[in-house]
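Everything below concerns the one structure shown next.
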Amino acid sequence: MNAADTAFLITATALVLFMTLPALALFYGGLVRARNVLSVFMHVFSIACLMSILWLALGYTIAFGEPGGLWGGLSRAFLNGVTPDSLTGTVPEVLFFAFQMTFAIITPALIVGAYVERVGFGFVLTFSALWMLLVYAPVVHWIWGGGFMADGGIWGETGTRDFAGGIVVHETAGLAALVIAWFLGPRKNRTTPPHQPGLVMIGAAMLWVGWFGFNGGSALAANGQAAMAITVTHLSAAAASLSWILWERIKFGRASMVGLVTGTIAGLASITPAAGFVGPIAALVIGAVAGILCQEAVNLVRNRLKIDDTLDVFAVHGVGGIFGTIMVAVLGQGAWIAQLGALALVGVYTVVMSAVLLKLVAMVTRLRVDAETETNGLDLSVHGERAYELNS
């Protein structure tokens, strides 16, 4: 065991959990109507709790149990065989488990942004649980757990390059979000502006800081690769923030604060798959393009396809992750067949399985709340609480 690597990964693990609790909750919560903000907090917080237990029971062993094939088996269920002395690389395996658990928490939590303000609480927990075990964990195994898309797999000696989750996290969450949003249909009122942009900015700032753990920690060591990953993460976020508001200014004549921080998230998502493989100049290019590309994706999904992906999960996370994964090949850091093939296979699997799970969950719990509950807001109607005395 290397003490420096261990201390670094402990810090990174805390930072990635910080990205969900409280960062993502605040970011999403500020974007909805005031009468739904507590429901968003409830969804994100409950998912964090449930995914933690499920990752211990089955998620970790499905993802990292035994290398090769389609899944990792059940040998590591409930951390069977894992002791304080077990190592993954130079760090304790139990710490590697905890670090990966924070990824398993935030990925289904990202999907929350697609269905806020109109879904039942039972759906949130049931779908998230099944999706994490049957979609997220197998995809982790395929790419990170020594599965069939890793080095030596179907793509040859060099497998899919996904440093911190462009495919594993952002493509899967983005596509699942798009499927759910299309299936549910639009909200009754989809024109109300964010009730508290201040919360949005605070949440985005926390996500930016937490992303240092997300990308830097994926090096699994306190080394130069981790340092470069943190540096390029920051630069991509900065470039995308500025390109987003510049494009807003050109198109609409003004730059918005919500647009600025949404650009930040686009830059962070886009650099994620490439963070361990590229340098500062490439990061600036990736971020600058992502700010414009993801903004145009928002316009496509919202205004042309008329899909109410409420908080633009697919346009920002999905498109950003896909773009960053392709850039790994463009920059010569990964094989084209491995990058594009993985995007295609994981994309098809995610869409099909997400649709199947929606149908199955619909058999046991109501997906969408009734019109009265949606109009009055989920906070008071579903949870018996409200965030403010005066609601928007």
Side-chain angles (χ1 to χ4, degrees), residues 19-20 24 27-28 40 43-44 46-48 50-51 54-55 59 62-63 103-144 162 165-187 265-266 269 272-273 294 297-298 300-302 305 307-325 342-362 364-365 367-368:
M19 290 174 67
T20 305
L24 186 68
F27 181 74
Y28 279 175
V40 174
H43 295 168
V44 173
S46 299
I47 285 173
L50 182 59
M51 295 311 108
L54 292 176
W55 188 250
I62 291 171
F103 281 64
I105 287 170
I106 197 170
T107 306
L110 289 174
I111 304 172
V112 168
Y115 55 65
V116 292
E117 302 195 304
R118 62 195 187 279
V119 296
F121 187 54
F123 161 77
V124 174
L125 295 186
T126 307
F127 178 85
S128 298
L130 293 173
W131 188 88
M132 193 277 282
L133 292 175
L134 298 177
V135 178
Y136 175 77
V139 171
V140 170
H141 180 74
W142 299 346
I143 296 176
W144 291 343
D162 184 5
I167 299 173
V168 173
V169 175
H170 295 290
E171 184 192 16
T172 59
L175 288 174
L178 194 66
V179 169
I180 295 173
W182 178 82
F183 189 91
L184 288 175
R187 292 161 292 162
I265 307 305
T272 291
C294 292
V298 170
L300 174 65
V301 173
R302 281 187 187 179
L305 300 180
I307 298 175
D308 189 14
D309 177 1
T310 312
L311 307 183
D312 306 313
V313 181
F314 173 74
V316 175
H317 293 277
V319 171
I322 292 168
F323 168 63
T325 300
L343 285 171
L345 289 178
V346 171
V348 170
Y349 179 76
T350 300
V351 168
V352 171
M353 282 300 297
S354 298
V356 169
L357 290 177
L358 274 171
K359 293 291 187 180
L360 292 176
V361 172
V364 297
T365 185
L367 303 187
R368 185 163 181 162

Would you say that Phe314 contacts Val319 through its side chain, given a criterion of any heavy-atom pair below 4.5 Å between the two side chains? yes
Could you check if a side-chain atom of Tyr28 sits within less than 4.5 angstrom of a side-chain atom of Leu110, using non-hydrogen atoms only? yes
Taking all non-hydrogen atoms of both residues, which atom of Leu54 and which atom of Ala129 are closest, and how far apart? CD1-CB, 3.4 Å
With a 4.5 Å heavy-atom cut-off, do Trp144 and Val139 have their side chains touching? no
Give the intermediate values and the outcome of side-chain contact (heavy atoms from CB on, under 4.5 Å) for residues Tyr136 and Val168. CA-CA 7 Å; Tyr136 175 77; Val168 173; 3.6 Å; yes
Spacing of Glu171 atom CD and Leu343 atom CG [to the nearest 0.5 Å]: 5.0 Å
Close side-chain approach of Phe27 and Ile265, heavy atoms under 4.5 Å: yes
Assess whether side-chain contact (heavy atoms from CB on, under 4.5 Å) is satisfied between Ser354 and Leu175, documenting all intermediate values. CA-CA 9 Å; Ser354 298; Leu175 288 174; over 6 Å; no
Measure the CD-CG distance between Glu117 and Leu311 for me, rounded to the nearest 0.5 Å. 7.5 Å
Restricting to non-hydrogen atoms, name the atom on Ala114 and the atom on Val313 that form the minimum distance, rounded to 0.1 Å. N-CG2, 3.6 Å
So, the side chain of Arg187 versus the backbone of Asp308: is there a donor-acceptor pair under 3.5 Å, distance only? no
Thr107 and Met51: side-chain contact (heavy atoms from CB on, under 4.5 Å), yes or no, with the steps? CA-CA 10 Å; Thr107 306; Met51 295 311 108; over 6 Å; no
Taking the inter-plane angle between the rings of Phe121 and His43 on a 0 to 90° scale, is it parallel (under 30°), tilted (30 to 60°) or perpendicular (over 60°)? parallel
Which heavy-atom pair separates Ile307 from Ala181 by the least distance, and what is that distance? CG2-CB, 3.8 Å
Which heavy-atom pair separates Pro138 from Tyr349 by the least distance, and what is that distance? CG-OH, 4.1 Å
Could you tell me whether the side chain of Leu357 reaches within less than 4.5 Å of the side chain of Val135, counting heavy atoms only? yes
Result for side-chain contact (heavy atoms from CB on, under 4.5 Å) between Ile167 and one of Leu345, Ile143, Thr350 points to Ile143
Out of curiosity, Thr20 OG1 to Phe103 CZ, how far, rounded to the nearest 0.5 Å? 10.0 Å
From CG (Leu300) to CG (Leu305), nearest 0.5 Å: 4.5 Å
Side-chain heavy-atom pair Val169, Thr272 within 4.5 angstrom cut-off: no
Nearest heavy-atom pair of Gly113 and Asp309: which atoms, and what distance? O-OD1, 4.2 Å
How long is the gap from CD1 on Ile111 to NE2 on His317, to the nearest 0.5 Å? 11.0 Å
May I have the step-by-step check of side-chain contact (heavy atoms from CB on, under 4.5 Å) for Leu358 and Phe123, ending in yes or no? CA-CA 9 Å; Leu358 274 171; Phe123 161 77; 3.5 Å; yes
Minimal heavy-atom distance between Pro273 and Ala269, with the atoms involved, is CD-O, 3.5 Å
State, yes or no, whether a side-chain contact exists between Thr325 and His170 at a heavy-atom distance under 4.5 Å. no
Does some side-chain heavy atom of Phe127 sit less than 4.5 Å from a side-chain heavy atom of Val119? no
Straight-line distance of Leu50 CG to Ile105 CD1, nearest 0.5 Å: 10.0 Å
I'd like to know if the side chain of Arg118 reaches the main chain of Gly185, judged simply by a donor and an acceptor atom lying under 3.5 Å from each other, with no hydrogens or angles considered. yes
